[in-house]
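Here is the structure we will look at.
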Amino acid sequence: MGLKQWSYEQMKGAFSSTLYLSLSFFISVLILFKLIRRTKSKTKLNLPPFPPKLPIIGNLHQFGALPHRSLRDLSLKYGDMMMMQLGRQTPSLVVSSADVAREIMKTHDVAFSDRVHTTAAKFCVYDCTEIGFGLYGENWREKRKICVHQFLSTKMVESYRFIRGEEVAELVNKLREASSADARSVNLRELLLSTPMKIVYKCVFGRNYSERNFNKVKDSIRKVMVHLAAFTVRDHFPLLGWVDVLTGKIREYKTTFEELDAALDEAIAEQITAKTNSKEKDFDFFVGGTDSIASAIEWAILELVRNPITMKKVQEEVRTIVGHKSNVEENDVNQMHFLKCVVKETLRLHPPTPLLAPRGTRSSVKLQGYDIPAKTTVLINAWAIQRDPKFWESPEEFLPERFEKSQVDFKGQESFQFIPFGFGRRGCPGMNFALAAAEYVLANLLYWFDWKLPEDSNTLDIDMTELFSLVVSTKEPLHLKPKTFSF
């Protein structure tokens with residue numbers, strides 16, 4: 001009986017062991033099969049090259065404090081198209097070639113027409129429902145059409161000439177006062193920042209406005225722009241999004257939005273009788289038409305001060321065309337061909353947004369022979385493209401003359417080596433508005449004043465270090481001494 005019992009237990013144990021072994025083998029085969037399938041599916045994709053990456057953070061450490069420069073350096077080694085893993089699982093495609101940008105525009109513009117929704121944009125910009133961050137589609141196209149028709153068409157931009165004249169006259173008066181006060185120098189950036197903001201505010205809300213509410217809108221917009229350029233953990237590591245809650249960043253975003261929303265509501269209430277604008281539209285107008293314009297003008301003056309021969313040439317053109325008039329007219333600016341070359345060369349060397357606003361792929365596409373998956377973040381390095389020696393002679397030098405006989409323009413239809421305003425469906429709709437303001441302000445600064453560095457400094461002392469944000473500026477504001485010009 002004992003022998004029989006032992007045999008039964010032994011047989012039972014053997015059966016259990018066999019069952020567990022079989023199950024373990026079956027599960028192992030399933031796991032191996034899935035891994036093989038996953039590996040095969042990945043190997044089927046011919047992805048652009050990846051720079052070496054680290055665990056978890058991927059290539060985030062290679063982004064650098066000045067990403068447009070860091071990514072250009074990486075592209076010289078890994079190619080004009082390269083994939084990067086910026087923390088999160090979703091890959092990013094970096095484009096540093098005019099040829100690739102041309103193929104995107106000509107062949108795949110719709111596929112590359114989505115936007116990436118960052119945490120800051122979701123909380124601060126009406127849940128990404130406006131034009132700048134909105135997903136491509138019928139609703140977005142309709143909003144963009146309305147915005148261009150009501151604010152940004154050539155006819156509308158021309159109608160704002162009286163507003164531009166008023167605000168630039170105020171800027172000139174402030175500079176005259178500084179000149180007559182025999183001050184050591186003025187902070188040109190500080191003065192320039194308020195002028196485009198007031199131009200935009202008047203264009204949106206009317207010429208009669210509350211100074212108090214203007215300051216509230218201005219302060220809120222400044223905060224939003226800081227948030228949009230800030231690092232948010234959730235954007236790169238979604239599972240760690242709670243960190244942004246604990247650090248108070250999400251609460252800060254929400255508070256800023258509430259301030260902005262209330263300020264815009266108040267501004268709309270002041271001018272409601274003749275307006276039908278949406279707050280989303282107002283926000284895009286402010287962000288696109290303020291700091292970028294001020295930055296372009298500051299870079300232009302900085303480069304002209306560093307290149308006195310070019311400064312003399314453009315001032316002679318401006319002063320010859322305007323003559324002895326009491327003010328600079330916009331029709332005069334249209335005749336200033338070399339000044340327009342100066343603006344172009346400034347935007348080539350110093351595009352306000354060197355990495356164009358990130359796009360997202362709506363579907364998988366084949367680009368330059370590579371497979372680009374759907375929902376890929378696309379970073380187009382306009383700064384690198386506009387300094388490519390393949391297209392530009394002496395690309396690091398400030399040479400406005402290069403545009404005097406050139407057919408290269410801003411529109412990004414053929415000349416993809418010059419794309420400061422982007423291109424295609426996601427190109428900047430406010431290009432005409434920005435150019436009109438920048439050229440008119442610059443013409444006045446060059447007509448009414450001679451610009452000198454403080455007595456204890458020279459051109460070699462000018463700090464050209466960049467500060468990367470939503471709009472790239474010089475790390476240190478430009479301080480110059482304006483001297484009122486007299487015929």
Side-chain angles (χ1 to χ4, degrees), residues 42 45-54 56-109 111-118 228-229 231 235-237 348 351-392 395 412 416-424 426-427 466 468-470 472:
K42 285 186 176 180
L45 292 178
N46 180 28
L47 298 173
F50 265 95
K53 51 185 179 178
L54 296 175
I56 302 177
I57 67 170
N59 302 102
L60 201 56
H61 65 294
Q62 295 171 310
F63 215 57
L66 298 173
H68 52 293
R69 293 180 179 269
S70 303
L71 296 180
R72 191 275 303 269
D73 294 343
L74 283 171
S75 72
L76 295 176
K77 184 175 182 180
Y78 296 99
D80 295 333
M81 291 175 60
M82 60 183 181
M83 299 294 281
M84 300 187 77
Q85 204 78 36
L86 302 178
R88 59 187 177 184
Q89 213 167 10
T90 306
S92 295
L93 171 69
V94 180
V95 174
S96 305
S97 160
D99 294 332
V100 179
R102 181 180 291 106
E103 185 173 334
I104 290 175
M105 166 66 182
K106 298 292 185 181
T107 311
H108 308 293
D109 196 29
F112 283 80
S113 289
D114 263 347
R115 277 284 187 246
V116 177
H117 289 176
T118 64
L228 292 176
F231 177 86
D235 292 334
H236 302 283
F237 308 98
R348 183 192 71 83
T353 52
L355 293 179
L356 300 181
R359 299 187 178 207
T361 51
R362 294 164 54 83
S363 60
S364 58
V365 295
K366 200 88 170 178
L367 183 64
Q368 297 275 302
Y370 290 111
D371 296 309
I372 310 301
K375 299 189 182 301
T376 296
T377 298
V378 183
L379 302 173
I380 299 175
N381 194 343
W383 183 90
I385 292 172
Q386 295 179 176
R387 295 184 181 225
D388 188 345
K390 177 181 176 181
F391 295 100
W392 305 97
F416 289 88
Q417 67 267 35
F418 187 52
I419 50 173
F421 294 98
F423 56 86
R426 284 296 183 174
E466 296 166 315
F468 189 86
S469 186
L470 199 63
V472 171

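One is the number of the first residue; the rest follow in order along the sequence. All values below come from the heavy atoms of this structure, side chains included, with hydrogens, waters and symmetry mates left out.
Residues Ser97 and Met81 are not in side-chain contact: their nearest non-hydrogen atoms beyond the backbone lie 4.5 Å or more apart. Looking only at side-chain heavy atoms (C-beta outward), Phe468 and His68 come within less than 4.5 Å of each other. Arg69 is listed as a side-chain neighbour of Glu466, based on a closest heavy-atom distance under 4.5 Å. The side-chain heavy atoms of Leu356 and Ile419, taken from C-beta on, include a pair separated by under 4.5 Å. Side chains of Val116 and Val378 form no contact here, defined as non-hydrogen atoms less than 4.5 Å apart. Taking 4.5 Å as the limit, every side-chain heavy atom of Val95 sits out of range of all side-chain heavy atoms of Asp80. Inter-residue side-chain proximity for Val94 and Tyr78 is flagged as unmet; no heavy-atom pair is nearer than 4.5 Å. Within the 4.5 Å cutoff, side-chain heavy atoms of Pro395 are placed close to those of Arg348.
Taking CD1 of Ile57 as the reference point, atom CD of Gln62 lies at 8.5 Å (rounded to 0.5 Å). Annotation: the span from His108 atom NE2 to Thr361 atom OG1 amounts to 11.5 Å, rounded to 0.5 Å. Between the CG atom in Asn381 and the CG atom in Leu355 there is a gap of 5.0 Å [rounded to 0.5 Å].
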Next on the checklist: Apply side chain to side chain contact (heavy atoms under 4.5 Å, CB included) to residues Gln386 and Asp388 and explain how you reach the verdict.
Outcome noted: CA-CA 6 Å; Gln386 295 179 176; Asp388 188 345; over 6 Å; no
Item to check | side chain to side chain contact (heavy atoms under 4.5 Å, CB included) between Leu71 and Met82, intermediate numbers included | outcome: CA-CA 9 Å; Leu71 296 180; Met82 60 183 181; 4.3 Å; yes
Checklist entry - Given Leu93 and Met84, is the side chain to side chain contact (heavy atoms under 4.5 Å, CB included) satisfied, shown in steps? => result CA-CA 6 Å; Leu93 171 69; Met84 300 187 77; over 6 Å; no
Next on the checklist: Using side chain to side chain contact (heavy atoms under 4.5 Å, CB included), reason through Trp392 and Arg387 one step at a time and then give a plain yes or no.
Outcome noted: CA-CA 7 Å; Trp392 305 97; Arg387 295 184 181 225; 5.9 Å; no
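The backbone N or O of Ala357 sits less than 3.5 Å from a side-chain atom of Arg115, completing a donor-acceptor pair. Without hydrogens or angle criteria, Asn46 side chain to Gly369 main chain gives a donor-acceptor distance under 3.5 Å. A donor-acceptor contact shorter than 3.5 Å links the side chain of Ser70 to the backbone of Phe63. Put simply, the side chain of Ser363 never gets that close to the backbone of Ala111: no donor and acceptor are under 3.5 Å apart. Looking at Gln417, its side chain never comes within 3.5 Å of a backbone N or O of Ile385 through a donor-acceptor pair. In this structure, the side chain of Asn59 engages the main chain of Pro52 through a donor-acceptor pair within 3.5 Å. Side-chain atoms of Thr376 come within 3.5 Å of backbone atoms of Pro373 as a donor-acceptor pair (strictly under, hydrogens ignored).
Residues Ile372 and Pro48 come closest through the heavy atom pair CD1-CG, 3.8 Å. Smallest separation of non-hydrogen atoms from Pro354 and Pro352: CD-O, 3.4 Å. Closest approach of Asp371 and Leu47 over heavy atoms only: O-CD2, 3.2 Å. Heavy-atom minimum distance, Thr353 versus Pro420: OG1-O, 4.4 Å. Residues Ser92 and Leu86 share a closest heavy-atom pair of OG-CD1, 3.8 Å.
Side-chain contact check for Glu103 and Gln368: at least one donor-acceptor pair (N or O, by modelled atom type) lies under 3.5 Å.
For Arg359 and Phe423, the positive end sits near the middle of the six-membered ring, less than 6.0 Å away and at most 45° from its axis. Cation-pi check for Arg72 over Trp383 is not met; the charged atom does not lie both under 6.0 angstrom from the ring centroid and within 45 degrees of its normal. Relative to the ring axis of Tyr370, Lys366 does not place its NZ or CZ within 45° and under 6.0 Å from the centre.
Ion pair Asp99/Lys390 flagged as a salt bridge, since at least one NZ, NE, NH1 or NH2 atom sits closer than 4.0 Å to an Asp/Glu carboxylate oxygen.
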